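Have a look at the structure below, then the notes.
We use all heavy atoms of the structure for the numbers below, so side chains are in, but hydrogens, waters and symmetry mates are not. Predicted, not measured: the structure shown is a model, and the values here were computed from it.
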Amino acid sequence: MSFNVARRLSEIVRLMPDAVAVAEPAGYSWNGKRIYRKATFAELEADSNRISDGLRKLGVRQGTRLALLVRPGIEFISLVFALFKSGAVSILIDPGMGKLNMFDCLAEAEPEGFVAIPAAQAVRIMFRKKFPLAKYNVTVGRRWFWGGMTLDQLRRTGSPEAAPAHTQELDPAAIIFTTGSTGPSKGVLFSHGNFNAQLEQIRDFYGIQRGEIDLPAFPLFGLFNCAMGVTAVIPDMDASRPAQVDPKNIIEAVHDWKCTQAFASPAVWNKVGAFCEERRISMPTLRRVLSAGAPVPAHVLKQMKDCIHPEGDVHTPYGATEALPVASIAASEVLRETAGQTAEGRGVCVGRRFAKVEWKIIRIVDGPIRSFIEIHELPPGEIGELIVHGPQVTRSYVTRVEANRTGKIPCEDGVWHRMGDSGYFDEQGRFWFCGRVAHRVLTSSGPMYPIPCESITNQHPDVFRSALVGVGAPGKQRPVMIVEPKKERFPADEDAAKAFIEELKKLTRKYPHTQAIEDFLLNRSFPVDIRHNAKIFREKLAVWAATEIAPRK
């Protein structure tokens with residue numbers, strides 16, 4: 001039996017060939033109405049077959065690594081399925097990580113070719129020494145001064161009836177890079193089995209049905225849609241800069257297509273929710289909103305829940321590039337029960353595990369865990385590190401391979417992945433996230449975890465967000481709370497700043513776990529990841545804090 005994940009598309013074609021698989025914005029008509037370019041499931045199947053066959057005739061073989069650099073849309077989805085069908089390994093890079101970092105990551109992945117837009121091919125030529133193995137190059141668009149075929153030429157060499165490669169469960173399918181929020185970006189190797197497991201668990205957990213219509217503001221989710229028989233409506237936005245989205249474009253697409261589902265980062269829903277609340281706009285066809293990449297603030301969950309179908313809900317799946325999905329919680333449960341506990345410093349509840357996930361909380365170890373028998377499992381209520389095991393959990397990194405020693409725990413049937421997240425299980429079996437293990441502050445009186453501490457300062461109405469960092473040697477670190485006030489509420493002068501900090505100190509003295517914080521700093525704009533615009537680069541803030549508090553030692 002073949003585990004080629006692209007066979008999922010073929011199964012959908014047999015059931016609903018003429019249904020729209022993908023729609024992408026293509027400008028406006030004379031009367032101002034949005035125009036969409038569309039592809040049916042049958043058209044997507046035939047096109048990806050042609051491209052796959054063309055790649056094989058070009059010389060691409062099973063396991064060939066090809067970098068895919070194409071904008072979100074019909075061709076992106078068709079190309080990913082084509083690469084799966086050819087047996088090639090897609091190197092998928094999020095341009096949101098920044099151009100320099102992006103091409104450094106590509107070089108580490110050692111691509112044997114590029115399927116890319118002209119601008120990316122031009123950069124490949126400029127830095128050709130970084131890519132000595134790249135010989136299978138296809139330009140998506142107009143080819144300029146470099147060699148290789150264009151995508152249209154490649155299509156003409158392939159057959160629409162070509163069969164996909166007979167890949168197995170553990171055969172590699174893609175390399176996807178982590179965000180690099182707690183260190184250099186790492187290339188994660190996904191197998192066809194990983195993708196199949198992701199599809200099944202997401203579909204079954206949320207009850208996604210064939211014929212639904214989704215607005216995926218994250219390109220890879222468009223692939224999942226097509227493999228589940230769901231129409232993917234690509235939004236008019238820069239997927240690499242979600243915080244800059246125009247909420248009108250999201251709302252317009254939902255209304256045009258009567259979307260039943262939408263998937264985006266918290267940065268997108270923050271803008272859309274506020275826009276809908278301010279203008280009393282509703283999106284009544286939406287019954288399922290998904291948001292991943294970072295914790296979603298309670299006020300954003302409420303804003304979004306208020307503007308969708310009355311029986312709809314907002315879901316926040318939890319996981320990591322290396323292991324997704326792991327758990328999920330709905331806004332209705334957060335707003336009814338857990339948000340208040342989060343504000344009081346209990347951590348952020350990310351919900352219950354998916355059916356095929358195994359998970360444990362273990363005693364935190366700074367360094368490798370060489371064998372599963374070395375772990376020390378902790379009881380409910382005790383903070384430790386989360387480890388996970390299951391069919392969607394990837395087994396290895398293929399760049400920065402030294403991370404395999406620290407990020408994976410070998411076991412009899414594969415590996416357990418160390419999430420790098422601290423937290424605990426409650427009596428209901430839910431996981432409460434307390435921050436990255438690497439971000440805990442190691443004081444002389446014990447560890448302090450960022451999320452429970454930051455939740456206290458975040459109670460102040462003028463605070464946008466907070467970051468707890470440690471200054472000094474581990475074991476003797478001074479906890480420093482850095483606060484980013486709301487832009488319109490930033491203190492106007494030094495006296496106002498002192499008064500604001502005094503208010504924050506009064507807040508933190510009320511709670512035992514924050515009473516040790518004596519140093520507070522104000523910062524106008526936190527450094528955050530480009531991909532989600534939500535993950536705070538605490539390492540950078542810690543360096544800055546060390547210089548700011550030095551005179552007060």
- Query: Yes or no on side-chain hydrogen bond (donor to acceptor under 3.5 Å, both in side chains) for Glu344 and Tyr511, after CA distance, side-chain angles and deciding distance?
  - Reply: CA-CA 8 Å; Glu344 295 290 314; Tyr511 299 88; 3.2 Å; yes
Closest heavy-atom pair and its distance - [X], [Y]:
X	Y	value
Pro479	Ala516	CG-O, 3.8 Å
Val388	Met419	CG2-SD, 3.8 Å
Pro452	His513	O-NE2, 3.0 Å
Pro219	Pro72	CG-CG, 3.7 Å

Pi-cation contact, [Y] with [X] (under 6.0 Å, within 45°):
X	Y	value
Lys186	Tyr397	yes
Arg524	Phe490	yes
Lys540	Phe537	yes

Does a side-chain N-to-carboxylate-O contact under 4.0 Å join [X] and [Y]?
X	Y	value
Glu212	Arg288	yes
Arg352	Glu333	yes
Arg509	Glu502	yes

Angle class for the [X]/[Y] ring planes (parallel below 30°, perpendicular above 60°, tilted otherwise)?
X	Y	value
Phe195	Phe190	parallel
Trp359	Phe431	tilted
Phe221	Phe263	parallel

- Non-neighbouring partners of Val245 that pass side chain to side chain contact (heavy atoms under 4.5 Å, CB included), sequence neighbours left out: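 Expected list: Met237, Ile250, Val268, Lys271.
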